[in-house]
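Since we're looking at a predicted model, the values are computed, not measured.
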Amino acid sequence: MKRGFVEKIVHIDCGSQDECAEILERVDEELSASAEVVAEVRGGKIRFRIIGFEPDVQRTAIRLRELIQLIRKSRSSPRYGVKPEELAKLAKRSVPLDLLSIVLRMNGIRAEVRGSMIYADTDMDTLISYAKELGEAIEKASKLPLPYTTRKFVAACSVLTGLEPHQVVRVAEEHGLLGEEGELRTGLEEAVRRFVEEIGYEET
């Protein structure tokens, strides 16, 4: 026997009309709901009505609250630290925080990894943008038959110079940054810095 239709009300205090509009836009784009969701803005608050069979309504309410938390997190500052799993949800890609911090520093942004979190002197949108770009470069570099650390080096240099991964490898080999087995001859950050400052932009 099927349970009947139920209705659940979720109130969100978003502070201002602009923030309410942003939340509604993101919810409309990203909420995968198995129940009907009706939103009504009143002042700086949103009233969500979730209608459907009880299990669907419960699942949708949980997903809605999780999405709201994610949206609010995306507006917070990386200066106070961002966990890798949070960044992966926001950027829709998982990237090594140590490599992301190197890319940020090479772009003049103070950044460091402490414990399991990245701290960066920038806004969340910028951090997400770099994470997405680095994630795409890592995916391309992953196809190269090189050691893991070298692939990280290639991805970072690709983001920083605009060169394709195979071009980065060719240039790095020509300038003696890679050994016979494709290994880095120096530490990761030193190799990236040398490539960008001494080599990369001259070769574009």
Side-chain angles (χ1 to χ4, degrees), residues 10-33 37 39 41 43-46 48 60 62-142 151-165 168 188-189 192-193 195-197 200-201 204:
V10 176
H11 292 280
I12 302 296
D13 188 349
C14 40
S16 71
Q17 291 278 20
D18 288 344
E19 289 188 14
C20 284
E22 180 188 349
I23 288 173
L24 283 176
E25 182 179 355
R26 292 278 300 276
V27 167
D28 185 54
E29 291 175 354
E30 301 178 33
L31 180 65
S32 175
V37 180
V41 178
K45 296 183 179 180
I46 306 175
F48 289 99
T60 299
I62 291 170
R63 284 199 291 265
L64 177 62
R65 293 185 186 281
E66 289 175 344
L67 179 57
I68 296 298
Q69 288 179 350
L70 198 59
I71 292 168
R72 286 176 168 163
K73 184 65 180 179
S74 72
R75 295 203 301 261
S76 65
S77 174
R79 292 177 179 86
Y80 303 110
V82 181
K83 295 179 180 178
E85 58 270 21
E86 292 172 346
L87 183 58
K89 286 181 181 179
L90 294 166
K92 295 182 173 60
R93 288 182 181 275
S94 180
V95 298
L97 297 187
D98 63 331
L99 192 63
L100 180 58
S101 68
I102 291 173
V103 170
L104 291 170
R105 287 194 293 271
M106 290 297 299
N107 277 285
I109 299 171
R110 286 190 299 176
E112 64 175 325
V113 178
R114 297 201 303 267
S116 62
M117 301 176 73
I118 185 168
Y119 297 79
D121 191 13
T122 187
D123 57 81
M124 187 65 80
D125 286 343
T126 299
L127 185 68
I128 293 169
S129 177
Y130 276 113
K132 286 181 177 178
E133 191 175 357
L134 182 59
E136 291 170 2
I138 289 172
E139 186 175 338
K140 289 182 180 179
S142 68
R151 293 200 302 270
K152 290 171 67 176
F153 158 80
V154 169
C157 292
S158 179
V159 170
L160 292 165
T161 65
L163 293 172
E164 289 296 321
V168 172
L188 177 58
E189 184 162 7
V192 171
R193 187 173 300 279
F195 187 96
V196 173
E197 293 181 350
Y201 293 115
T204 56

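- Proximity of Phe153 to Val168: side-chain heavy atoms (C-beta onward) are separated by under 4.5 Å at one or more points.
- In this structure Ala156 satisfies the side-chain contact (heavy atoms from CB on, under 4.5 Å) test together with Leu99, Val103, Val192, sequence neighbours excluded.
- Counting heavy atoms from C-beta outward, Phe195 and Leu163 have side chains that approach closer than 4.5 Å.
- Nearest heavy-atom pair across Gly81 and Met117 is C-CE, 3.3 Å.
- Checked by atom type and distance alone, the side chain of Ser158 never pairs as donor or acceptor with a backbone atom of Glu164 at under 3.5 Å.
- Using a distance-only test at 3.5 Å, with no hydrogens or angles considered, no donor-acceptor pair links the side chain of Asn107 to the main chain of Ile109.
- For Asp98, the side-chain hydrogen bond (donor to acceptor under 3.5 Å, both in side chains) partners are Lys152, not counting sequence neighbours.
- For Ile46 against Ala39, the heavy-atom pair with the smallest separation is CG2-CB, 4.2 Å.
- Side-chain contact check for Phe48 versus Val27: some heavy-atom pair is nearer than 4.5 Å.
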(message) With side chain to side chain contact (heavy atoms under 4.5 Å, CB included) as the criterion, how do Met124 and Val82 come out once you've worked through the C-alpha distance, each side chain's angles and the decisive distance to 0.1 Å?
(response) CA-CA 9 Å; Met124 187 65 80; Val82 181; 3.7 Å; yes
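- Between Arg26 and Leu67, the shortest heavy-atom contact is O-CD2, 4.2 Å.
- We find the CG-CZ distance between Leu100 and Arg105 to be 9.5 Å, quoted to the nearest 0.5 Å.
- Minimum interatomic distance between Ala131 and Ala91 (heavy atoms only, all atoms of both residues): CB-CB, 3.9 Å.
- The line from NZ of Lys89 to CD of Glu66 is 6.5 Å long, rounded to the nearest 0.5 Å.
- Using a 4.5 Å heavy-atom threshold, the side chains of Lys132 and Lys92 count as separate.
- With rounding to the nearest 0.5 angstrom, the CD1 atom of Ile118 is 7.0 Å from the CG atom of Leu87.
- Taking CG of Leu90 as the start and CG of Asp125 as the end, the distance is 9.5 Å to the nearest 0.5 Å.
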(request) Carefully, step by step, assess Leu127 and Leu104 under the rule side chain to side chain contact (heavy atoms under 4.5 Å, CB included). (result) CA-CA 8 Å; Leu127 185 68; Leu104 291 170; 3.7 Å; yes
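- Residues satisfying the side-chain contact (heavy atoms from CB on, under 4.5 Å) test with Glu25, not counting sequence neighbours, are Glu29.
- Residues meeting the side-chain hydrogen bond (donor to acceptor under 3.5 Å, both in side chains) test with Arg93, sequence neighbours left out: Glu139.
- Qualifying side-chain contact (heavy atoms from CB on, under 4.5 Å) partners for Pro84, counting only residues two or more places apart in sequence or in other chains: Leu97.
- Among residues two or more places apart in sequence or in another chain, the side-chain contact (heavy atoms from CB on, under 4.5 Å) test is passed with Ser142 by none.
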